[in-house]
There are 2 protein chains.
Amino acid sequence: MSQKGAGVDLDKSLGYLLKEASSALRVAMEEVLRPLGMSVTHYSCLELLAQRPGLSNSELARGAFVTRQSMNVLLQTLERDGYVTRPAAAPVGKALPTRLTPRGRRSLEKATVAVRSVEVRMLSGMTGAEQSRAFGILQGMIDSLRADEGGA
Amino acid sequence: MSQKGAGVDLDKSLGYLLKEASSALRVAMEEVLRPLGMSVTHYSCLELLAQRPGLSNSELARGAFVTRQSMNVLLQTLERDGYVTRPAAAPVGKALPTRLTPRGRRSLEKATVAVRSVEVRMLSGMTGAEQSRAFGILQGMIDSLRADEGGA
DNA sequence: TGACTCATGTCAGCATTCTGACATACCGTG
DNA sequence: CACGGTATGTCAGAATGCTGACATGAGTCA
């Protein structure tokens, strides 16, 4: 148990372990994205747009787990730098469907390779069956946490 | 991105799911800590000190997954408000061992109850065996992610 | 002993994200 | 049609965390 020099002998709870795993993933992603001049949220936004073109600012925010205000700031930068485009006026309602530009797509391609290598490293040493179990376990945690949260 | 899942509607990668789970946990914790006027980092710091009294600022920072600069700001606030104490001079080296005050301990007790309820909710629906598997899986991910990161 | 390396605490500046607030646009019900 | 409820985009201010930098103390090694 007590291996880390800095550390904590405390018997870790699953909550702490989840936070630690997420932190390790974030650090690893930042490390490979930094040379590309891209942050994790930056990459998440582009990846979401590649998979589901036309997402609105609010939808992107929910997908990247930030507020729509934060995503709006990011989108303004991405639009200014030519990675995404948004129509000047909303075709319906107030939502502005966002799309990747060719430049955004090219930028994303490099980032995807880098991020995929991190995920491969994270899953190294796990069998396919373990990955499936991990999927089910994490999804179950999410569902339980959000169970009475919205309705409370 | 779709991989060989066990039949799940897997548009999500395990990395994304990990981020989603961590986000859900953070949101749930913030929700129950807000009435106590406490942030997640705030609580983490107190909890670490309860389990390992005398941790230094840098050690607390690593345990809470923030920089030592950020933890320093928090510690100054906690010290000013009487939740923790630090000696004016370092007994050895530069590290200042931090300890909870009785007030800090009382504040932590309420928070611990609240946070534990969140963790219980997160683990509801999981068997003991599944929790053990989750523990092993998350620890494995952390180890793999940090494998060549620190050494490279 | 002196030089080097490493860890720590701390200050300053910057970046990112959040909370609060407002106006607008759709949709349901009456 | 009018009304409330919900969702969206956006602006402004504040909180939080991070990077860069510096000085100090301890350990290592020649």
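Predicted, not measured: the structure shown is a model, and the values here were computed from it. All chains are named by letter (A, B, ...) in the order of the sequence lines, taking the proteins before the strands, and each is independently numbered beginning at 1. Heavy-atom basis, side chains included; hydrogens, waters and symmetry copies ignored.
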Checklist outcome for this item: Walking DNA chain C from its 5' end, the first of A:L74 and A:G93 to be reached, judged by nearest nucleotide, is A:L74
Spacing of [X] atom [atom1] relative to [N] atom [atom2], expressed in whole Å:
{"X": "A:E30", "N": "C:dT16", "atom1": "CD", "atom2": "C1'", "result": "11 Å"}
{"X": "B:R26", "N": "C:dC18", "atom1": "CZ", "atom2": "C1'", "result": "10 Å"}
{"X": "B:L78", "N": "D:dT16", "atom1": "CG", "atom2": "C1'", "result": "14 Å"}
{"X": "A:L55", "N": "D:dG9", "atom1": "CG", "atom2": "P", "result": "11 Å"}

Pairs under 3.5 angstrom only: tabulate donor-acceptor contacts from the side chains of residues 56-72 of chain A to other protein residues two or more places apart or in another chain.
unit_1, atom_1, unit_2, atom_2, d
A:S56, OG, A:E59, N, 3.3
A:S56, OG, A:E59, OE1, 3.3
A:N57, OD1, A:N72, N, 3.3
A:N57, ND2, A:R68, O, 3.2
A:E59, OE1, A:S56, N, 2.8
A:T67, OG1, A:S70, N, 3.2
A:T67, OG1, A:S70, OG, 3.1

Item to check | Results of salt bridge (charged side-chain N to carboxylate O under 4.0 Å, His left out) for A:R133 - residues two or more places apart only | outcome: none
Checklist entry - Touch check for B:S39, heavy atoms < 4.0 angstrom, all strands: base, sugar-phosphate only, or nothing? => result nothing
Quick one: side chains of residues 78-85 of chain B, donor-acceptor pairs under 3.5 Å with protein atoms, not counting sequence neighbours, listed by atom name and distance.
unit_1, atom_1, unit_2, atom_2, d
B:E79, OE2, B:R86, N, 3.4

Checklist entry - If we ignore angles and hydrogens, is there a donor and acceptor under 3.5 Å between the side chains of B:Y16 and B:E20? => result no
Presence of [X] side-chain N/O under 4.0 Å of [N] phosphate oxygens OP1/OP2:
{"X": "A:S70", "N": "C:dC18", "result": "yes"}
{"X": "B:T67", "N": "D:dG17", "result": "no"}
{"X": "B:T41", "N": "D:dT16", "result": "no"}

Item to check | Under 4.0 Å protein heavy-atom contact, by nucleotide of nucleotides 6-12 of chain C - B base, S sugar-phosphate only | outcome: --BBBB-
Checklist entry - Distance from B:M122 atom CE to B:Q131 atom CD, nearest 0.5 Å? => result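 Going from the CE atom of B:M122 to the CD atom of B:Q131 covers 8.5 Å.
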Item to check | CE on A:M126 to CG on B:L14, rounded to 0.5 Å | outcome: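 The distance works out to 6.0 Å.
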Item to check | pair B:S13-A:R116: side-chain heavy atoms closer than 4.5 Å | outcome: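 Heavy-atom side-chain distance check fails, nothing below 4.5 Å.
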Item to check | A:R26 and A:S23: CA distance, side-chain angles, deciding distance, side chain to side chain contact (heavy atoms under 4.5 Å, CB included) verdict | outcome: CA-CA 5 Å; A:R26 184 179 48 79; A:S23 171; 3.7 Å; yes
Item to check | Inter-axis angle, terminal five-pair segments of the helix from C:dT1-D:dA30 to C:dG30-D:dC1 [nearest 10°] | outcome: 30°
Contacts table for residues 91-98 of chain A: side-chain donor-acceptor under 3.5 angstrom, sequence neighbours left out:
unit_1, atom_1, unit_2, atom_2, d
A:T98, OG1, A:L55, O, 3.4
A:T98, OG1, A:L96, O, 3.4

